[in-house]
There are 2 protein chains.
Amino acid sequence: MFERISVNPTLSDQVAQALFARIESGRLKPGDKLPSEAVLGPEFGVSRTVLREAISRLKQEGLLESRQGSGVFVSVQAGMKPLKIDASVSDSRDEVLQIVEVRRALDSEVAALAAQRRSDAQLAEIERAFETIDADVAAGGDGVATDIAFHRTIAQATSNPFFLQTVEFLSQYVMRAVRVTRANEALRVEFMRQVRDEHRAIIEAIRKQDAMAARNAAATHMFNAARRLASFPPEPNSHTNP
Amino acid sequence: MFERISVNPTLSDQVAQALFARIESGRLKPGDKLPSEAVLGPEFGVSRTVLREAISRLKQEGLLESRQGSGVFVSVQAGMKPLKIDASVSDSRDEVLQIVEVRRALDSEVAALAAQRRSDAQLAEIERAFETIDADVAAGGDGVATDIAFHRTIAQATSNPFFLQTVEFLSQYVMRAVRVTRANEALRVEFMRQVRDEHRAIIEAIRKQDAMAARNAAATHMFNAARRLASFPPEPNSHTNP
DNA sequence: ACGGCCAAGTTGTATGATAACCATATCACA
DNA sequence: TGTGATATGGTTATCATACAACTTGGCCGT
């Protein structure tokens, strides 16, 4: 059984990587103009098609921007790299637990700030999202999507959009793992009861605008979430069957 | 003075957006095979060149993957969207402060965990990075790069790579703003002295493996960082001159 | 000196052709 | 009948060429 994963690196891939290296190494600085396609093509020994696909990818990444009739330029704000985590972490129990640890740090502060800053309307939204989870679970759903929506309403109450974005980003990788635990019908009911109680504690603290209590409740929630995830046997390396 | 920024959306852009919409809306689910280029081209009314560039971009985003001879498929793990924040936030004082707020949540926990988990070697690395900042500043540098390196060593001591990645990602957007504040030579010396004291408090707590003290020191550091940034006059909307 | 215009260069798009590759159906042979 | 090799059509990857749209800078005429 070989690691026959690395497929054909296409020519476009190679050229894109080469151009990326030129930017990374500083040979091409922000604002610089790339050589024209007519020059770059022969230089790499590829056709214009391949070259343009490579440039297209780097444009998508925000590293390059092209102006018709003028040329292709290295983006002035090149270097603002997006945060991307390999999706395979969802398959590793340990890595998911590490992400939950990050979320614990964030959600604790989020809950505390939400308690301080929430408006009455935001509190009402949080409570509504809380009840939506119940409805979802009562209807036989796993409550994952509604759970995320619940946490989103709390993050929105901080009035800091970056908390929302970061928490939602990290949630992606936990979601699948949580879905697996809740697929176990025997534990699902008991787990959802625990989650419900923990959510209620967070809401109560936010309602009373008790930042300290909200922080503790959120930290406890994440701590228990990790415990619930860890109660499942580890899967050292998955990808057992297609 | 017009907002003559929104340039020509190229055909590739439009097609990519259209395909993206099909995936987002669920019309194309993970694992599905896209219609062949020969079909999709006429459907959008574009040439194969344009279509392939659009697909190339979505491949770069991880939404599609193509297998030569077989077809183009929606990535099984499509939906794992990377976290990207518009670089223009670096120009807005308020948004930078919001990012610092997120970093306060993260760095507090990072410092606490580092205090608990650090090895002696990691402590030594942290102290070395601390001294490197001094050397940088003494040499006339603004200490921004070395400052980030310092915080990186602390994040590494948590043994949780996702703390490191997330903190470094957010640091990007604060870096430029900090550079501006430290460009003010009059305040630079005083600010760097404050920063140095705050860093020393964090190190001391990590050295003593006092998680609570480390958390507080890091939170204070971020709180003061926000104060220092806020001491500069707000720039409601920049982009005044090119 | 100045303003409009043209021409060369560059990116955007279209088209056709060929190579490499995959999946399936077909067929020959045991 | 079963099985394996093979033909075949479909698909993506790459190349080559041509034209359209646009920018830039210089040239020219006034």
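On a predicted model such as this, the values are computed, not experimentally measured, just so you know. Here is the naming used below: chain letters follow the sequence lines, and residue numbers restart at 1 for every chain. Only this structure's heavy atoms are used, side chains among them; waters, hydrogens and symmetry mates stay out.
- Between A/G69 and A/S66, the one whose closest nucleotide on DNA chain C sits nearer the 5' end is A/G69.
- Annotation: side chain of B/F163 is in contact with side chain of A/E101 (closest heavy-atom distance under 4.5 Å).
- At least one donor-acceptor pair closer than 3.5 Å links the side chain of B/R93 to the backbone N or O of B/A230.
- Rounded to the nearest 0.5 Å, atoms OG (A/S36) and CG (A/L51) are 9.0 Å apart.
- Across the protein-nucleic acid pair, B/L64 atom CG and D/dT11 atom P stand 17 Å apart, rounded to whole Å.
- Distances shown here put a side-chain N or O of A/S12 below 4.0 Å from the OP1 or OP2 atom of D/dT14.
- Atoms CZ (A/R67) and C1' (D/dC22) sit 13 Å apart, rounded to a whole Å.
- Of the residues in residues 32-53 of chain A, those with a non-hydrogen atom less than 4.0 angstrom from any atom of DNA chain C are A/S36, A/E37, A/R48, A/R52.
- A sub-4.0 Å separation between OP1 or OP2 of C/dG12 and a side-chain N or O of A/K59 is present.
- Separating the CD atom of A/Q68 from the P atom of D/dT23 is a distance of 7 Å, rounded to the nearest angstrom.
- Between A/S70 and D/dC22 there is no side-chain N or O to OP1 or OP2 distance below 4.0 Å.
- Seen from the ring of B/F191, B/R182 does not count as a face-on cation partner, given the 6.0 Å and 45° thresholds.
- Heavy-atom contacts from other residues, nucleotides or ligands closer than 6.0 Å to CD of B/Q17 number 12 or fewer.
- Checking side-chain atoms of A/S92 against main-chain N and O of A/V89 turns up no donor-acceptor pair under 3.5 Å.
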